[in-house]
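Naming: A, B, ... by sequence-line order, numbering from 1 per chain.
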Amino acid sequence: MKFYSLFFIFLSCLNLISQESKPVTNSNGLRFNKNDFFLESGLNFQYNKLNHEFGLGFGINKTIFQSRFSPEVFYVLKTNFKSQNKFNFQGLSSYHLNLFNVNRNDQEIHFFNELLVGFQLSYGEKYKVYIQPEAGIILESFHSDFYKKVENHLAFNYSAKIGFIYYVR
Amino acid sequence: MLLLIFVVSCNKNESFDTIQLFGHAGNGLHISNSVYHDNSENSIKLALSQNGCDGVEVDVQLSKDGTAWLFHDENLKIEANLNACINSSTDEEISHLSYNHFNDEKLLKLKDLKLNSKSIVLDIRHANACENKVVELKKMLNQLELFCENNFESEIYLNTNNLYWISYLKSLSVDNSKIQICYSPSENEDLDIISGNFEIDAFLFKNNEITKEKVESIQNKGQKALIFEVRSPKGIRSALKKNPNVIITDDLKAAIIEKY
């Protein structure tokens with residue numbers, strides 16, 4: 001339910017973006033964290049001097065190599081630190097929600113909430129390539145049938161992403 | 001594209017219903033995505049809380065005072081900042097130590113471990129590496145008896161790589177029919193000879209040192225085969241295809257996904 005709510009918010013944001021007159025960019029990338037490699041795609045737009053990115057992705061190892069669908073939604077808030085020549089340096093904070101069903105015999109869905117801070121270094125004009133290292137925390141939550149309660153497990157987390165950006169309009 | 005991903009992710013796996021999955025040293029040993037330190041209380045609880053996990057494997061070492069503690073390495077220096085072995089440290093010293101880990105967990109005594117009827121493999125360390133001698137068998141047996149009595153509902157595998165200890169472990173005076181004596185043979189030992197030892201209920205092998213045929217041969221003699229050093233999804237799949245009784249894995253989630 002939580003995931004579908006976020007997906008709905010994501011679609012609403014896309015609708016808002018489409019009504020914006022400012023430049024909109026599409027960002028695609030490969031992100032690595034403690035759990036998986038994620039293939040991600042997001043839309044960026046400017047609002048109040050800040051750059052907002054909403055996106056979707058999925059865990060490659062779980063989805064492709066283990067046949068277990070592992071979707072992800074994310075939001076990234078970026079602010080420009082410095083632009084020089086074709087280089088652009090942005091500070092950012094991000095939230096990612098990833099989930100998957102570990103055991104098909106029951107409905108024990110594991111939710112992974114990530115809160116990260118980091119930066120993005122990009123190069124280019126209309127088409128850009130970027131790297132995006134981040135660090136923060138990850139909270140794993142699931143309902144344990146064995147202990148009959150919701151289990152929450154917090155840990156240190158890191159993430160690294162490479163990708164490219166192009167102008168949609 | 002989304003439809004293709006969904007179709008790929010709905011692929012049905014083979015059925016491995018009879019194989020039990022145990023977490024290695026709790027929820028995994030030396031694995032990058034582990035939330036807690038191996039052999040810690042939280043790590044064991046996290047493993048046991050997951051549906052599809054049938055038990056855990058832990059490493060048991062005796063302190064200088066004769067108390068059984070859970071710890072993997074021979075020396076405490078790297079993981080807990082004390083340049084000494086568990087065997088040469090007192091309970092007081094060990095109780096003040098914490099693992100070098102994000103969650104700063106304390107070391108756990110065996111008697112404080114609660115299984116709630118799930119299974120366990122106790123990897124019993126008989127060697128005191130710091131003083132180059134064997135730990136006191138009687139003290140170890142006392143600790144094991146106490147643990148087995150407190151967890152009488154659980155299946156308990158007592159694992160050793162010391163053949164001399166097998167008879168003593170077998171003669172533990174505990175009313176628990178679920179105790180299994182497990183032996184880890186070295187690579188050069190002749191399995192045909194050892195598997196003739198009727199006191200041994202189960203064997204523990206590294207995944208890359210055992211074949212499907214050997215597993216079958218052990219099971220045909222009424223003994224069990226346990227496999228460890230199973231980390232990647234590929235390794236988990238190869239271990240599942242050997243059809244052992246138990247797989248002790250470092251990536252429990254990946255193993256549960258592969259099994260179900």
Aromatic ring proximity, centroids under 6.0 angstrom, Phe37(A) and Phe32(A): yes
Closest contact, heavy atoms only, Ser70(A) versus Phe100(A): OG-CD2, 3.7 Å
Shortest non-hydrogen separation from Tyr130(A) to Ser27(A) and the atoms involved: OH-OG, 3.0 Å
Residue pair Glu114(A), Asn157(A): steps toward the side chain to side chain donor-acceptor pair (under 3.5 Å) verdict: CA-CA 8 Å; Glu114(A) 292 174 68; Asn157(A) 187 32; 2.7 Å; yes
Aromatic plane relationship, Phe89(A) with Phe119(A) - under 30° parallel, 30 to 60° tilted, over 60° perpendicular: tilted
Portion of Phe156(A) that has a non-hydrogen atom of chain B nearer than 4.5 angstrom: both
Residues of residues 45-58 of chain B contacting chain A, heavy-atom criterion under 4.5 Å, by residue number: Lys45(B), Leu46(B), Leu48(B), Ser49(B), Gln50(B), Asn51(B), Gly52(B)
Parallel, tilted or perpendicular: rings of Phe45(A) and Phe54(A) (30°, 60°): parallel
Intermediate values then yes/no, salt bridge (charged side-chain N to carboxylate O under 4.0 Å, His left out), Glu216(B) and Lys214(B): CA-CA 5 Å; Glu216(B) 270 177 11; Lys214(B) 276 188 183 173; over 6 Å; no
Distance-only donor-acceptor check, side chains Asn101(A) and Asn103(A), under 3.5 Å: no
Inter-chain contacts: residues 231-250 of chain B against chain A, heavy atoms under 4.5 Å: Pro233(B), Arg237(B)
Proximity of His96(A) and Phe112(A) rings by center, below 6.0 Å: no
Qualifying salt bridge (Lys or Arg N to Asp or Glu O under 4.0 Å) pairs, either residue in residues 77-90 of chain A, two or more places apart: Glu53(A)-Lys78(A)
Glu151(A) versus Ser144(A), closest heavy-atom pair with distance: CG-CB, 3.7 Å
From CG (Leu70(B)) to CD1 (Ile44(B)), nearest 0.5 Å: 5.5 Å
Residues in residues 106-123 of chain B that sit under 4.5 Å from chain A, counting heavy atoms only: Leu115(B), Asn116(B), Lys118(B)
Residue pair Lys224(B) / Ile218(B), side-chain heavy-atom distance below 4.5 Å: no
Part of Asp145(A) lying under 4.5 Å from any heavy atom of chain B: both
Charged N-O contact under 4.0 Å between Lys253(B) and Glu140(A): yes
